[in-house]
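Worksheet: one structure, shown below.
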Amino acid sequence: MKSLLSNELRELFVDYFTRKDHDFVSGSSLIPAGDDSIMFTNAGMVQFKDYFTGAAKPPFLRAVSVQKCMRAGGKHNDLENVGKTSRHHTFFEMLGNFSFGDYFKKDAVLFAYEFLTDVLGLDSDKLYITVNSKDEEGYSIWRDVAGVNEKKIFKLGDETNFWQMGETGPCGYSSEIFFDTEYSELGHKECSVDCDCGRYLEIWNLVFMEFNRGMDGAVSMLPKPSIDTGMGLERILRVLQNVKSNYDTDVFKPYINEIDSITGKSYGKSGENYDVAARVISDHVRTSIFLSAESVFPSNEGRGYVFRRILRRLIRYSLKLGISLENLIYLGNTVVIVMGGFYPEARDGFAVFEKIISEEYNKFSDTIGQGLKLLEEKISELKGEKKKIIPGDFIFKLYDAKGFPVDMTADVASENGLTLDLKKFDELMGIQKRGSRRKKEKRGILDVNPDFSVTDFYGYETLKGSSNITGILDEKGEFATSVESGNFYYVIADSTPFYPEGGGQSGDKGVIEWTGGSVSVTNTYKTKNGVILHYGRIFKDNGTVRKCFPIKAEFCVDKKIRKNVASNHSAVHLLQASLRKIVGEHVSQQGSYVDPEGLRFDFSHGKPLTDSEIRRIEMLVNEYIFSDAEVKTEELNTSVAMDSGALHFFDEKYEGKVRVVSMGDYSKEFCGGTHVSRVGEIGFFKITGESSVASGIRRIEAVTGFNYLNFLYIEEDNMNNIIKLLDSSKSDIYNKIIKLFYSHEYLEKNNEDLRSKLSDLEAERLIKLFKSVENVKYLIYKFKNISADGIKDLINALKSRHDFPKGDSAVIFISLINDEKLIYIVSAGGSIDASKIIKLINAEVGGKGGGKRDFSQGGSSFVEKINNIENMVEGLFARA
Ligand code: SER
């Protein structure tokens, strides 16, 4: 058997298959391009999916690749196993050979067998094979063509021997090759390939791709049988390097060694808890670098959420081992050293990682530290009571009061063999959410009224129309048979031109009128069941709504407001297109909101935009506006829309038909909102703010059209007010401010000098008032209306004097502020402890405060106790 390093192995593998007429294809990104059916690239075949299904024609019939993969989140998820075993990872590399309708089972088997036994020189006695029990052909090829003894070929079910990358897509029977490592993590002596103890290590999976699973779950035949194979690089390295764990191979050992040297412990000798933590850290730091390189940022959904979990686990285990942020960053750099040769993107990833990990570490290390302590106490209490479930109210309290993430509670629980009562937790979360929503808005209503049918929206085409009112609800969501003029209600109709708040767009305003009544609509909402609610004040109905609905009414949306909202919404699309051009394709929408006044757009990007980027973006958006392209909307089948390259949210579920909005050839997005008909109507676009909303997520705020003029007027008014205030002129204001700035600095300095002179004079008076008992010198003095800062100055002045007592000393200053509050400050030297004296004073006068041994301060509102302080402290020293 050859002993190979990772670089040599990658080379040898690619070399063998290129000699067998395979084209070398570089591995693809970790984020599957244009494929939302999976979260991360989880196998080498992902980039070739369309070749297998026939959706695209492959430029080659055979391919070989080295693919970076992630299995955390989604159908293939190893996150929970990482750390516990020697062979699971969130990020790993897969060596694979592929045939697209070219060779099939026989060659796939022979290539694999030859590569393992001849090229790598593995002992064929130690190789074991599994095939799908329905795959007779596969079985005979192994036995009769490859010549493997039938005792070493096992027939297993679909659970292990059927491969599919996600819920849909190409799939087929698989045949796995195992290597007998003769080492069981669980100490098994007698077991077989289907045992999970790690002794029989699955090294290669050959998938005989024959089927395709559609959206409806049904399986059809692929146009041509194909081959997809995958060999885990870390596992085969472990065999070749003859070590007991993937973590002992050259792709992992460097991290383990560094963790040992940071902590002063030894992997393999410092106990299982240490080993688990070292493995988790090594695994997660690699994953974090590669996710950072792909511009995934921690967030609360989708890929960002998986990344956040990984980062938090990384931080939690680092805290456990006492690894500081600096050392974590150092470990991140090790990834660049170990992997950067083959994956140059690791370098970019490191730059982003440094920032992300710093933010998350600073934000969460306290939360995690405190929460973890409470959780660990609870777990040991539960264990003591022989209980296995963490109660929902405890999980909720930990989350609600301490900000401790539930997934982390779940992680810690599973490490301790416990589960969570999530039902109770969800219930408590629901109560809290409902509570806060009721407080914030009148929107509890969105959950009710199941008795109305879906409202037909015709507001894309027109802003006016006749519709039938089918019901009126009061503010509590109850059906209203009589209404009072002047009060607020929700009006429901069978159809409407009013756009309901949603998709990041504010709801329409306007008027509804019928014989005998009208509603001034101030907002429009949509319930979960698709019923549109027109919220507003009812007038002129003389107290009663006719009991027999429907009531025919005229619906009229406020044109100007709608126009502004539409301009802002269209501008959001242009903004996204410009951002992707100027800042980069990694920009993806994380949220947006438009209303009549302006727009807000949140997007993934790791750093603030520079002034020049902001201007270039503004220029480009305005160029688009001036091009006055037509805005086109189409209703398309989801798959057609996706194939058209229209931008959409990765994690959103789209079903049936979707609406696609395009502007010129520069913007195409899935969108249900209302838009202008030509982009020229937007008029003008100006960014008014750029900020951070979460780590890795930036926010742009902007205005369009006439709102820009309003924005300018406000700026202009501000400027004019400043000019007036400073009695200056537009051209001179900058110089004037600079002058003022310097004179202010000068005055402050002067003021400081004067204050210190005054303090010096006062100190000269006070130094004489020191009393002395035995070796202790002390000074107690009462002031009126001197602030804590004033007292501190005075203490400094005293202490800087040459005749300030050396050795044991105490200065106790008490100030009565406005006859309402006492403050007391103690400065001490030598063996006297100021914080102890403050504690005693606090107790004496019902005050609060503390500090350090040399300086402490406190305060109390019991002003009448001022003399108690003096007496108590005097007593203290007199006794000394
Ligand atoms: N797609 C299969 C796997 O990942 C073979 O590459 O196991």
Side-chain angles (χ1 to χ4, degrees), residues 9-10 13-14 16-17 22 24-28 30 32 35 37-53 58 62-79 81 87-100 102-105 107-109 111-113 115-116 128-132 135 138 156-179 193-194 196 200-213 222 225-236 246:
L9 173 65
R10 290 188 197 103
F13 183 81
V14 173
Y16 173 81
F17 281 100
H22 290 64
F24 172 65
V25 181
S26 305
S28 65
L30 272 183
D35 182 355
S37 65
I38 47 172
M39 237 189 231
F40 299 104
T41 297
N42 57 15
M45 56 73 66
V46 170
Q47 65 168 326
F48 303 126
K49 187 178 142 187
D50 287 348
Y51 300 160
F52 289 121
T53 57
R62 302 175 173 201
V64 56
S65 72
V66 180
Q67 177 65 54
K68 47 185 182 177
C69 299
M70 239 190 96
R71 291 195 177 169
K75 183 170 165 65
H76 297 272
N77 182 1
D78 286 336
L79 181 60
N81 278 327
R87 63 189 190 283
H88 286 101
H89 307 293
T90 51
F91 172 90
F92 63 96
E93 292 169 79
M94 210 174 229
L95 306 167
N97 57 291
F98 307 89
S99 146
F100 310 111
D102 189 29
Y103 62 86
F104 197 45
K105 284 185 202 179
D107 286 326
V109 165
F111 286 151
Y113 204 56
F115 182 73
L116 291 177
Y128 290 77
I129 309 297
T130 65
V131 293
N132 190 301
D135 184 16
L156 300 178
D158 283 351
E159 224 163 78
T160 52
N161 286 59
F162 191 91
W163 204 88
Q164 185 168 322
M165 76 173 201
E167 297 311 325
T168 59
C171 49
Y173 297 140
S174 67
S175 172
E176 297 182 326
I177 307 175
F178 286 76
F179 183 84
V193 286
D194 53 352
D196 220 17
Y200 294 92
L201 187 67
E202 180 212 324
I203 49 176
W204 206 338
N205 188 14
L206 316 182
V207 184
F208 309 132
M209 289 280 192
E210 283 178 276
F211 314 115
N212 189 26
R213 195 182 299 277
L222 286 179
S226 297
I227 288 296
D228 150 36
T229 85
M231 172 152 63
L233 174 114
E234 299 74 7
R235 293 185 177 188
I236 189 74
N246 295 7

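Atoms within each ligand, like the ligands themselves, are counted from 1 in listed order.
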Near ligand 1 (heavy atom, under 4.0 angstrom), the protein residues are Ala43, Met45, Arg71, Met94, Trp163, Asn205, Val207, Asp228, Thr229, Gly230
Give a yes or no answer on whether the side chain of Asn205 reaches the backbone of Thr229 with a donor-acceptor pair at less than 3.5 Å. no
**Request:** Determine the interplanar angle of the Phe211 and Phe162 rings, folded into 0 to 90°, and report it as parallel if under 30°, tilted if 30 to 60°, perpendicular if over 60°.
**Result:** parallel
Correct closest heavy-atom pair for Phe24 and Ser65 would be CE1-CA, 4.4 Å
Nearest heavy-atom contact between Met94 and Cys69 is CB-SG, 3.9 Å
From the list His88, Glu234, His89, side chain to side chain donor-acceptor pair (under 3.5 Å) partner of Asn246 resolves to His89
Lys/Arg N to Asp/Glu carboxylate O, Asp228 vs Lys49, below 4.0 Å | no
